[in-house]
Engineer: 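Dumping the structure here so I can ask a few things about it.
We're numbering straight along the sequence, starting at 1.
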Amino acid sequence: MTTQPPHARPSPFVAGLAGRCPRCGKGKLFRGFLAVRPRCEACGLDFAFADAGDGPAVFVILLAGFVVVGAALLVEMRYAPPLWLHAVLWVPLVLIVTLGPLRLIKGLLIALQFHHGAAEGRLDRNKEDA
């Protein structure tokens with residue numbers, strides 16, 4: 001297990017979007033659809049730091065809302081289809097634009113978190129303040 005210098009590391013964009021380890025770019029980041037592995041099988045990086053939180057879901061919701069609501073409004077204004085056709089059109093589209101990019105965005109946010117050394121916020125308190 002060797003630590004690569006920062007200039008030899010893969011791009012966080014490439015590694016994150018590919019679902020690969022942000023340090024070596026070889027090991028898999030995910031164990032399932034969204035579950036993060038405990039560590040990289042190639043370089044041994046501990047993925048305990050990886051906590052994307054609700055970030056991926058927020059980005060996906062904003063993207064999906066823009067696409068689906070915009071398309072639904074456009075179709076309604078131009079064609080005024082019956083409600084059953086709206087359901088047939090938009091339910092599959094919602095599934096595609098939410099589930100499709102979710103893993104990509106989670107991988108990207110984790111890789112960027114590693115790249116920038118981001119960590120959970122902590123308060124430094126003096127003993128006098130406590």
Engineer: Quick one: closest heavy-atom pair of C24 and P10, and the distance?
Structural biologist: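 That closest heavy-atom pairing would be C-CG, 3.8 Å.
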Engineer: Would you say Q113's side chain and A50's backbone share a donor-acceptor pair under 3.5 angstrom?
Structural biologist: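 Not confirmed, Q113 side chain does not pair with A50 backbone.
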Engineer: When hydrophobic residues are tied together by side-chain contacts of less than 4.5 Å, even through go-betweens, does L89 share a cluster with M77?
Structural biologist: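 L89 does not cluster with M77.
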Engineer: More than 12 heavy atoms of other residues, nucleotides or ligands under 6.0 Å from CZ of F13: yes or no?
Structural biologist: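 Counting other residues, nucleotides and ligands, CZ of F13 stays at 12 neighbours or fewer.
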Engineer: How long is the span from the CZ atom in R20 to the NZ atom in K26, to the nearest 0.5 Å?
Structural biologist: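 Going from CZ on R20 over to NZ on K26, the span is 11.0 Å.
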Engineer: Is there a continuous path of hydrophobic side-chain contacts, each under 4.5 Å between heavy atoms, that joins V60 to V69?
Structural biologist: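 Each belongs to a different hydrophobic cluster.
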Engineer: With a 4.5 Å cut-off on side-chain heavy-atom distances among I, L, V, M, F, W and Y, is there a chain of contacts connecting L102 to L93?
Structural biologist: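 In one cluster with L102: L93, no.
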Engineer: Could you tell me if the side chain of L112 sits less than 4.5 Å from the side chain of L108, heavy atoms only?
Structural biologist: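 A side-chain contact under 4.5 Å exists here.
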Engineer: At what distance, to the nearest 0.5 angstrom, does CG of D54 lie from CD1 of I61?
Structural biologist: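 D54 atom CG to I61 atom CD1 measures 8.5 Å (nearest 0.5 Å).
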Engineer: Honestly curious: do L83 and V68 fall in one hydrophobic cluster under the side-chain, below-4.5 Å linking rule?
Structural biologist: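 As far as the 4.5 Å side-chain criterion goes, V68 and L83 are not connected within one cluster.
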Engineer: At what distance, to the nearest 0.5 angstrom, does CH2 of W90 lie from CG of L85?
Structural biologist: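 The distance works out to 8.5 Å.
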Engineer: So if you build clusters from Ile, Leu, Val, Met, Phe, Trp, Tyr with side-chain heavy-atom gaps below 4.5 Å, do L73 and V97 land together?
Structural biologist: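 The answer is no; the residues belong to distinct hydrophobic clusters.
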Engineer: Give a yes or no on this: more than 12 heavy atoms of other residues, nucleotides or ligands lie within 6.0 Å of atom CZ of F30.
Structural biologist: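 Check passes, neighbour count above 12.
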Engineer: Which atom pair, heavy atoms only, marks the closest approach of L45 to C21?
Structural biologist: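 Scanning both residues completely, I find the closest heavy atoms to be CD2-SG, 3.9 Å.
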Engineer: Just how far is it from atom CZ of R37 to atom CG of L29, taken to the nearest 0.5 Å?
Structural biologist: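 These two atoms lie 9.0 Å from each other.
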Engineer: Are P12 and H116 packed together at the side-chain level, in the sense that at least one heavy-atom pair is separated by less than 4.5 angstrom?
Structural biologist: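 Counting from C-beta outward, P12 and H116 never come under 4.5 Å.
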Engineer: If you look at every heavy atom in G44 and R39, which pair is closest and at what distance?
Structural biologist: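 Taking every non-hydrogen atom into account, O-NH1, 3.6 Å.
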Engineer: Is atom CZ of F33 surrounded by more than 12 heavy atoms (other residues, nucleotides or ligands) closer than 6.0 Å?
Structural biologist: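 Counting other residues, nucleotides and ligands, CZ of F33 exceeds 12 neighbours.
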Engineer: Is the shortest heavy-atom distance from the side chain of H115 to the side chain of R9 under 4.5 Å?
Structural biologist: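 A side-chain contact under 4.5 Å is absent here.
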Engineer: Taking all non-hydrogen atoms of both residues into account, name the closest pair between V36 and K106 and its distance.
Structural biologist: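 So the minimum-distance heavy-atom pair works out to CG2-CE, 4.0 Å.
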Engineer: Distance check, rounded to the nearest 0.5 Å: S11 atom OG versus L17 atom CG?
Structural biologist: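 The OG atom of S11 sits 8.5 Å away from the CG atom of L17.
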Engineer: Where is the tightest heavy-atom contact between L109 and A52, given as atom of each residue plus distance?
Structural biologist: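 Closest approach of L109 to A52: CB-CB, 4.4 Å.
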Engineer: What is the distance from atom CD1 of I105 to atom CD1 of I110, rounded to the nearest 0.5 Å?
Structural biologist: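 One gets 12.5 Å once the value is rounded to the nearest 0.5 Å.
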Engineer: May I ask you to test the R23-C40 pair for a side-chain heavy-atom distance under 4.5 Å?
Structural biologist: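 A side-chain contact is absent here, since even the closest heavy-atom pair is not under 4.5 Å.
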Engineer: So which heavy atom on P22 is nearest to which on F47, and how close?
Structural biologist: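 Closest approach of P22 to F47, heavy atoms only: CD-CE2, 3.9 Å.
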